[in-house]
Each structure stands twice: as structure tokens, then as C-alpha cells.
Amino acid sequence: MANSASDGKGLRAAIIPVTPFQQNCTLLWDDETKVGAVVDPGGDLDAIQAAIAELGIKVEKILLTHGHIDHAGGADELRAALGVGIEGPHAADRILLDNLEAQGKAYGVPARAVTPDRWLEEGDKVTVAGHEFEILHCPGHSPGSVVMVNRSHKFALMGDVLFRGSIGRTDFPYGDHDALINAIKTKLLPLGDDMAFICGHGPTSTIGAERESNPFIA
Ligand SMILES: [Zn+2]
Ligand SMILES: [Zn+2]
């Protein structure tokens, strides 16, 4: 099940791949209090709930990086099951979140439309068990994609903006390649080489590794 890994003192993360798209649903929690958040519950809620129970996490909120089905398709149902609020993404993804049920039918996976309890904007802060994440609005893969950055732990939740060796697709509706490259170069690379991140699919990486070898941002 969950692939548990420490990302810094006090703050821990576990990745649960969900949906046919193998999206990295991430559990984040404080080691001491066990209070935490579910990031991008795209689907497979049974697996997410099992991981929450096994790790003993008291979930206080759901965070969404963007409005695609593999990230947000299970958010409304999980919100109801857990009785917590949803924060993110940026309101520019409302059009995607409103359309999740139709997206689900197109892909043959169950999904519900969802309206977050809080939209996020550039410079906003969200907390997970008191650990603070700064919001960077990074459009391009989707108009409302956000990256969540915890500077003290040098750790970010990347969504589908930047991957190990790749970047987010921009051939979906509302994709914008130039905006994506601009966001990566002006907002993400300046975070520093030692900034580690969990991305929406595949292995984790660091800004330094991508600056050095990612062919899409050379
Ligand atoms: Zn996506
Ligand atoms: Zn994705």
C-alpha cells in the first residue's frame, strides 16, 4: 500500500497511486499529532481510506492542485465521507471541476463535480497540521493549477506542472504551453535546487535535478 517517506522533521508523506492514470494521491501528516490532509483524491477512495486508517491519520482537509479527473474526481465524495473542507485549486479551474462527471463518463471512471470550499490565489497560504504551504499559481497544464510550497521543509506539491524529466501535458482543453514554461521558469526554478517535490504521476524529484537534466526546460 502506501509508500511512506519522510520529507522533513515532523511532516510526513505517503503516496497512493489512484485511478487508471496512476495519479499520486498524497497523504501529508504531522508525525506528532497525526493530523493531516489528502492531496488530490482522484478516485479509488477505498484505497485512500484504507491508507488513512492504517497510518492513523486524522484528516483535517482535502487539497486540490488542479481540476483534472485523476486528481479531483473523488474529492466531493471523500469530502462527504470525512466531513472536511476542500482547498484549491485556483478558480480558473472551475470549468474543469464543474465538468468532472462528464469527464468521468468519457473515461469510464466514476467522478463527481466539485466546488471547493476555498479557491486559492497566488501568494495565499494553506496549512496542514500547522505546516504552512505557499500557493504559486502556475497555469499552463490547466488554467487553475497551483503548486504548494513548504519552504521550511524544502518540499512542494507539484500537481502536473513539472515531472521528473518531463512537464505537464498542454494538449488538453485549456492547455497553454507558453504559460506552462513561463510558470516553471519564473516561479519554480527560483525555488532553489534543494526544493524536493511530489508530482502528480511517477517518481519524485528536485528542482535542481530538473534544472540540470529536464529537456523541456533547457
Ligand atoms: Zn492534470
Ligand atoms: Zn494528472
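Counting convention: from 1, in listed order, for ligands and their atoms alike. As the structure is a computational prediction, the values presented were derived from the model and not from experiment. Along the sequence shown, residues are numbered consecutively beginning with 1.
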**OP:** Evaluate the side-chain proximity of Arg112 to Glu101: yes if any heavy-atom separation is below 4.5 Å, no if none is.
**Re:** no
Original post:
Do Ile167 and Ile181 have side chains that get closer than 4.5 Å, going by heavy atoms?
Top reply: yes
Original post:
So Leu136 and Glu122, side chain to side chain contact (heavy atoms under 4.5 Å, CB included) or not? Walk me through it.
Top reply: CA-CA 5 Å; Leu136 302 177; Glu122 177 81 13; 3.8 Å; yes
Original post:
By atom name, which N, O or S atom of His66 is the nearest to the Zn ion (ligand 1)?
Top reply: NE2
Original post:
What's the atom name of the N, O or S in His68 nearest to the Zn ion (ligand 1)?
Top reply: ND1
Subject >> Same apolar cluster (I L V M F W Y, side chains within < 4.5 Å links), Leu97/Val161 >> reply: no
Original post:
Can you give me the OD2-the Zn ion (ligand 2)-NE2 angle for Asp160 and His201, to 10°?
Top reply: 110°
Subject >> Metal site the Zn ion (ligand 2): N/O/S of His71 inside 2.8 Å >> reply: yes
Original post:
With a cut-off of 2.8 Å, does Asp70 place any N/O/S atom under that distance from the Zn ion (ligand 2)?
Top reply: yes
**OP:** Return yes if a side-chain donor-acceptor contact under 3.5 Å exists between His141 and His68, otherwise no.
**Re:** yes
